[in-house]
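What you see is a predicted model; the values in this text were computed from it and never measured.
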Amino acid sequence: MAHHIVALIGSQQAVARVLTVADTPSPTTLGSELQIVPLGYEQIDQLTRLVPGERLDGFMYLSVGLEAAILRAVDGLMIGYVETDYVGGTGAQAAAVFADGAVTFRAATPIRRGPAKREDPINTALRQLGVMASPQVDEFDTLGLGRFRNLEALGL
């Protein structure tokens, strides 16, 4: 089964600030008082004003320009950026966290086979956003992010 999303996850206030800059679908409410909003090509172009700059190491879509645009849009609030690309249990993931006007976390995994781990980038980013997982379920599954298999599931 495939899983391919590019999205921002944050508080209602942080996500609302992104909505003023990029024409995104309505956000979806998650647990832990967080919302998720998808980023497709159109939204990335709007955020970067068609000047994305160089892609950051290990990321498919996060670039120097997109990073700067997210920082501008949220204006000091905390928000997470996630991207996944999995097919049949093989793939990669990446995440970043923006807070207080800076990138506070950025990491990506190389393509690999096997289940996600608690120390993977997305789980780490979600912990920084305040997601509390149980010992049996990681942060990704705590928020139910597996139900969003693609950008269309998020409204694009």
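- Between I111 and T90 the shortest side-chain heavy-atom distance falls below 4.5 Å.
- The heavy-atom pair separating R72 from R49 by the smallest distance is NH2-NH1, 3.9 Å.
- Counting non-hydrogen atoms of other residues, nucleotides and ligands closer than 6.0 Å to CD of E33 gives a total of 12 or fewer.
- A distance of 9.5 Å separates CG in L19 from CD in Q12, rounded to the nearest 0.5 Å.
- Across every non-hydrogen atom of S11 and L34, the tightest pair is N-CD2, 3.9 Å.
- Here the CG-CG distance, from L143 to L30, works out to 5.5 Å after rounding to the nearest 0.5 Å.
- When I122, I5, D85 are each tested for a side-chain contact (heavy atoms from CB on, under 4.5 Å) with Q93, only one passes: I122.
- A donor-acceptor contact closer than 3.5 angstrom links the side chains of R127 and T124.
- The minimum heavy-atom distance between S63 and G53, with the atom names listed, is CB-O, 3.8 Å.
- If you take CG on L39 and CG on D45, they are separated by 11.0 Å, rounding to the nearest 0.5 Å.
- Taking both residues in full, the closest heavy atoms of A108 and D57 are given as CB-O, 4.3 Å, listed atom of the first, atom of the second, then distance.
- A donor-acceptor pair under 3.5 Å is formed between the side chain of N123 and the backbone N or O of K117.
- Side-chain contact check for F148 versus T28: some heavy-atom pair is nearer than 4.5 Å.
- Here the straight-line distance linking atom CZ of R17 with atom CG of D75 works out to 5.0 Å at 0.5 Å rounding.
- Annotation: side chain to side chain contact (heavy atoms under 4.5 Å, CB included) contacts of S26 (sequence neighbours excluded): none.
- For the pair L129/M78, a side-chain contact is recorded, criterion being any heavy-atom separation below 4.5 Å from C-beta on.
- V15 is not listed as a side-chain neighbour of T24, based on a closest heavy-atom distance of 4.5 Å or more.
- Contact annotation: the side chain of Y81 approaches that of V6 to within less than 4.5 Å [non-hydrogen atoms, C-beta and beyond].
- Looking at heavy atoms from C-beta onward, P121 lies in side-chain contact with T109 at the 4.5 angstrom threshold.
- At distances below 3.5 Å, not a single donor-acceptor pair connects side-chain atoms of Q128 with backbone N or O atoms of V97.
- One hydrophobic cluster holds both I9 and F140 under the rule that ILVMFWY side chains link at heavy-atom gaps under 4.5 Å.
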Working note: D120 + R112, criterion side-chain contact (heavy atoms from CB on, under 4.5 Å); need CA distance, chi angles, decisive distance, verdict. CA-CA 12 Å; D120 281 347; R112 67 168 193 238; 2.5 Å; yes

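- Among residue pairs with one or both ends in residues 88-111, those qualifying as salt bridge (Lys or Arg N to Asp or Glu O under 4.0 Å) are E67-R106; sequence neighbours excluded.
- Between L145 and T84, the closest side-chain pair of non-hydrogen atoms is not below 4.5 Å.
- In this structure, the side chains of V37 and L154 stay at 4.5 Å or more apart for every pair of heavy atoms.
- Expressed to the nearest 0.5 Å, how far CZ of R147 lies from CG of D141 amounts to 11.5 Å.
- The cluster map of Ile, Leu, Val, Met, Phe, Trp and Tyr, joined by side-chain heavy atoms under 4.5 Å apart, puts L47 and V103 in the same cluster.
- Under the 4.5 Å side-chain heavy-atom criterion for grouping Ile, Leu, Val, Met, Phe, Trp and Tyr, F59 is not connected to V51 through any hydrophobic cluster.
- The minimum heavy-atom distance between V74 and A14, with the atom names listed, is CG1-O, 4.0 Å.
- When all heavy atoms of V82 and A95 are compared, the closest pair comes out as CG1-CB, 4.2 Å.
- At least one donor-acceptor pair under 3.5 Å links the side chain of R118 to the backbone N or O of V137.
- Here the CD1-CG distance, from I70 to L62, works out to 6.0 Å after rounding to the nearest 0.5 Å.
- In the hydrophobic cluster analysis, where Ile, Leu, Val, Met, Phe, Trp and Tyr join through side-chain heavy atoms closer than 4.5 angstrom, F98 is grouped together with V21.
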